[in-house]
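See below for the structure under consideration.
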Amino acid sequence: MTPTTETGSLFLQPDRNLALELVRATEAAAIRAQPWVGRGEKNLADGAAVDAMRKFLGTVNFDGVVVIGEGEKDNAPMLYNGEHVGNGHGPACDIAVDPIDGTSLTAAGRQNAISVMAVSDRGSMYDPSAVFYMDKIAAGPEGRGVLDLEKPIGENIRALAKAKGKDLEDMVVAVLDRPRHDELIRQIRATGAGTRLLLDGDVAGGIAAALPGSNIDMCVGVGGTPEGIITACAIKALDGVILGKLQPKDDEERERAIAAGHDLDKVLDQDDLVTGDNTFFVATGVTDGVLVDGVRRSRGVIHTDSLVLRSRSNTIRRIQADHRAEKWF
């Protein structure tokens with residue numbers, strides 16, 4: 001019998017899941033960052049993660065270009081925009097990367113620090129140029145056609161609660177705990193919904209809002225544009241929704257964005273942020289969090305916990321691995 005479903009087609013004609021190779025790079029970054037957890041040295045933690053990730057990416061059979069790098073907004077170590085990674089063979093890809101999403105969390109020993117990477121076909125990732133922040137709202141499949149970034153947060157919460165068949169009192173909204181969000185948090189709580197305040201790292205919050213079985217229903221607020229694009233790659237694999245609007249931090253950045261051709265009034269969705277249906281997302285925990293557990297060391301063994309997503313097949317994989325500590329330290 002000739003299969004007629006996409007699943008059947010993939011079974012007969014399997015292709016490489018690049019994320020299963022890339023997860024070695026996020027594992028390496030998380031392992032190298034682990035000794036710096038709680039040490040108060042976020043740049044040293046980030047530097048160790050960057051070096052490890054770059055080294056492992058060099059072994060992967062692909063031709064990657066970093067479209068969304070990290071570090072430029074705070075002068076931290078970084079995989080820079082335009083950097084070529086991989087061994088130069090295989091598929092041509094765009095990469096969005098953050099060796100540690102949550103460097104401050106790592107330095108303080110707090111939860112939800114992860115090493116993340118997102119990959120898509122060459123030319124498919126949105127380039128935000130020098131606009132480092134965007135206003136975002138993210139949710140799972142129930143949010144498609146329901147959420148509207150330009151409507152008050154109360155309307156969005158009520159609409160999503162109805163779509164999910166939940167009482168308002170049972171809704172949980174993740175938001176970065178920042179002074180700029182004080183009024184937003186007040187409005188969320190005024191609906192009767194609860195909040196999950198994130199100290200840092202809104203990638204984890206955005207993805208948790210779209211994961212099946214998660215106790216987070218929505219993630220909202222102004223956060224990093226690189227994090228938004230990384231989240232979009234994961235959201236596409238989860239059939240969820242993310243909406244965003246660029247938020248220049250000052251007049252100079254606004255003028256640069258306009259000169260680069262960005263429409264600052266446009267609401268971007270996941271298909272604007274990453275075109276096509278072939279996205280990969282990998283995350284490995286540095287510290288324990290809502291997505292994955294952090295790195296653990298015990299009796300010469302290092303344990304890592306990773307999440308691997310792919311949009312073409314809509315697969316969700318959780319990979320737990322044990323590594324010989326003597327190979328790393």
**OP:** Could you tell me whether a side-chain N or O of D288 sits under 3.5 Å from a main-chain N or O of G294, the two making a donor and an acceptor?
**Re:** yes
Original post:
Side-chain contact, heavy-atom cut-off 4.5 Å: F62 with E21?
Top reply: no
Subject >> Residue pair N61 / H89, side-chain donor-acceptor N/O under 3.5 Å >> reply: no
**OP:** Please report the closest heavy-atom contact between T225 and V131, naming both atoms and the distance.
**Re:** OG1-O, 3.0 Å
Original post:
Which pair of non-hydrogen atoms, one from H181 and one from L176, has the smallest distance, and what is that distance?
Top reply: ND1-O, 2.8 Å
Original post:
Taking atom CZ of R110 as the centre, does the number of heavy atoms from other residues, nucleotides or ligands within less than 6.0 Å exceed 12?
Top reply: no
**OP:** State, with a plain yes or no, whether a side-chain heavy atom of V295 is found less than 4.5 Å away from one of E27.
**Re:** no
**OP:** Decide side chain to side chain contact (heavy atoms under 4.5 Å, CB included) for V308 and F281; before the verdict, give the C-alpha distance in whole Å, the side-chain angles of both, and the deciding distance to 0.1 Å.
**Re:** CA-CA 6 Å; V308 177; F281 170 87; over 6 Å; no
**OP:** Can you measure from CD1 (I229) to CE (M134) and round to the nearest 0.5 angstrom?
**Re:** 6.5 Å
Original post:
Okay, side chain of E253, backbone of K249: is any donor-acceptor separation there less than 3.5 Å?
Top reply: yes
**OP:** Using the salt bridge (charged side-chain N to carboxylate O under 4.0 Å, His left out) rule, take E41 and R39 through it: C-alpha gap first, then chi angles, then the decisive distance, then the call.
**Re:** CA-CA 6 Å; E41 298 282 358; R39 304 290 181 178; over 6 Å; no
Original post:
Any luck finding a side-chain donor-acceptor pair between H303 and S298 under 3.5 Å?
Top reply: no
Subject >> Same cluster (ILVMFWY, side-chain, under 4.5 Å), I230 and L211 >> reply: yes
Subject >> C219 to L198 - nearest heavy-atom pair and separation >> reply: SG-CD1, 4.4 Å
Original post:
Run the side chain to side chain contact (heavy atoms under 4.5 Å, CB included) check on Q320 and T304 step by step: do they pass?
Top reply: CA-CA 6 Å; Q320 295 185 335; T304 57; over 6 Å; no
Original post:
Which pairs pass side chain to side chain donor-acceptor pair (under 3.5 Å) with one or both residues in residues 195-222, sequence neighbours excluded?
Top reply: K136-D202, K164-D217, K166-D217, R189-T195
Subject >> Sole residue of V274, N278, D94, D277 in side-chain contact (heavy atoms from CB on, under 4.5 Å) with D121 >> reply: N278
Original post:
Atom CD1 of I302 and atom CG of D322: how far apart are they, to the nearest 0.5 Å?
Top reply: 10.0 Å
Original post:
Are L273 and I68 joined in one hydrophobic group, where the rule is that I, L, V, M, F, W and Y side chains link up if heavy atoms are under 4.5 Å apart?
Top reply: yes
Original post:
Taking atom OG1 of T26 and atom CG of D101, what is their separation to the nearest 0.5 Å?
Top reply: 12.5 Å
Original post:
Donor-acceptor pair, R144 side chain versus D239 backbone, under 3.5 Å?
Top reply: yes
Original post:
When clusters are formed by joining ILVMFWY residues with side-chain heavy atoms under 4.5 Å apart, either directly or through shared neighbours, do L268 and I137 land in the same one?
Top reply: no
Original post:
Do you know which two heavy atoms are closest between C93 and L18, and how far apart they sit?
Top reply: SG-CD2, 3.9 Å
Original post:
Side chains of I258 and H262: closer than 4.5 Å at any heavy-atom pair?
Top reply: no
Original post:
Roughly how far, to the nearest 0.5 Å, is CD1 of I242 from CG of L149?
Top reply: 10.0 Å
**OP:** May I ask you to test the L291-I114 pair for a side-chain heavy-atom distance under 4.5 Å?
**Re:** yes
Subject >> Side-chain touch L246/Y126, heavy atoms, less than 4.5 angstrom >> reply: yes
Original post:
Can you name the one residue among T279, N314, D271 that meets side-chain hydrogen bond (donor to acceptor under 3.5 Å, both in side chains) with K236?
Top reply: D271
Original post:
Does the R180 side chain pair with the main chain of V222, one donor and one acceptor, at a distance under 3.5 Å?
Top reply: yes
**OP:** With the side chain counted from C-beta on, respond yes when M117 and D98 share a heavy-atom pair under 4.5 Å apart, and no when they do not.
**Re:** no
**OP:** Side-chain contact test, heavy atoms from C-beta onward, threshold under 4.5 Å: evaluate it for M53 versus V97 and give yes or no.
**Re:** yes
Subject >> Spacing of K55 atom NZ and L57 atom CG [to the nearest 0.5 Å] >> reply: 12.5 Å
Original post:
Can you find a pair of side-chain heavy atoms, one from H323 and one from V301, that are under 4.5 Å apart?
Top reply: no
Original post:
Between the side chain of D46 and the main-chain N/O of T103, is any donor-acceptor distance below 3.5 Å?
Top reply: no
Original post:
Any sub-3.5 Å donor-acceptor pair from D269's side-chain atoms to D272's backbone N or O?
Top reply: yes
**OP:** Taking all non-hydrogen atoms of both residues into account, name the closest pair between L264 and P248 and its distance.
**Re:** CD1-CG, 3.8 Å
Original post:
Nearest heavy-atom pair of V203 and T231: which atoms, and what distance?
Top reply: CA-OG1, 3.6 Å
**OP:** Starting at CD1 of I153, measure out to CZ of R186 and round the result to the nearest 0.5 Å.
**Re:** 12.5 Å
Subject >> Working for side chain to side chain contact (heavy atoms under 4.5 Å, CB included), residues R297 and I31 >> reply: CA-CA 9 Å; R297 295 177 63 178; I31 289 171; over 6 Å; no
Original post:
Is atom NZ of K162 surrounded by more than 12 heavy atoms (other residues, nucleotides or ligands) closer than 6.0 Å?
Top reply: no
Original post:
Is there a donor-acceptor pair closer than 3.5 Å between any side-chain N or O of T191 and the backbone N or O of G154?
Top reply: no
Original post:
Within a reach of under 6.0 Å around CZ of R122, are more than 12 heavy atoms found that belong to other residues, nucleotides or ligands?
Top reply: yes
**OP:** With side chain to side chain contact (heavy atoms under 4.5 Å, CB included) as the test, would you mind laying out the steps for V60 and N87 before giving the verdict?
**Re:** CA-CA 6 Å; V60 178; N87 63 13; over 6 Å; no
Original post:
Regarding T284 and S306, is there a side-chain donor-to-acceptor distance under 3.5 Å anywhere?
Top reply: yes
Original post:
In terms of hydrophobic clustering (I, L, V, M, F, W, Y; side-chain heavy atoms under 4.5 Å; direct or indirect links), are L20 and I95 co-clustered?
Top reply: yes
Original post:
Backbone N or O of W328 within a donor-acceptor pair of the R32 side chain at under 3.5 Å?
Top reply: yes
Original post:
So, the side chain of D305 versus the backbone of D293: is there a donor-acceptor pair under 3.5 Å, distance only?
Top reply: yes
Subject >> Verify same cluster id: L243, M171 (apolar side-chain graph, 4.5 Å) >> reply: yes
**OP:** Output all residues satisfying side-chain hydrogen bond (donor to acceptor under 3.5 Å, both in side chains) with Q187, sequence neighbours left out; order by chain, then residue number.
**Re:** E183
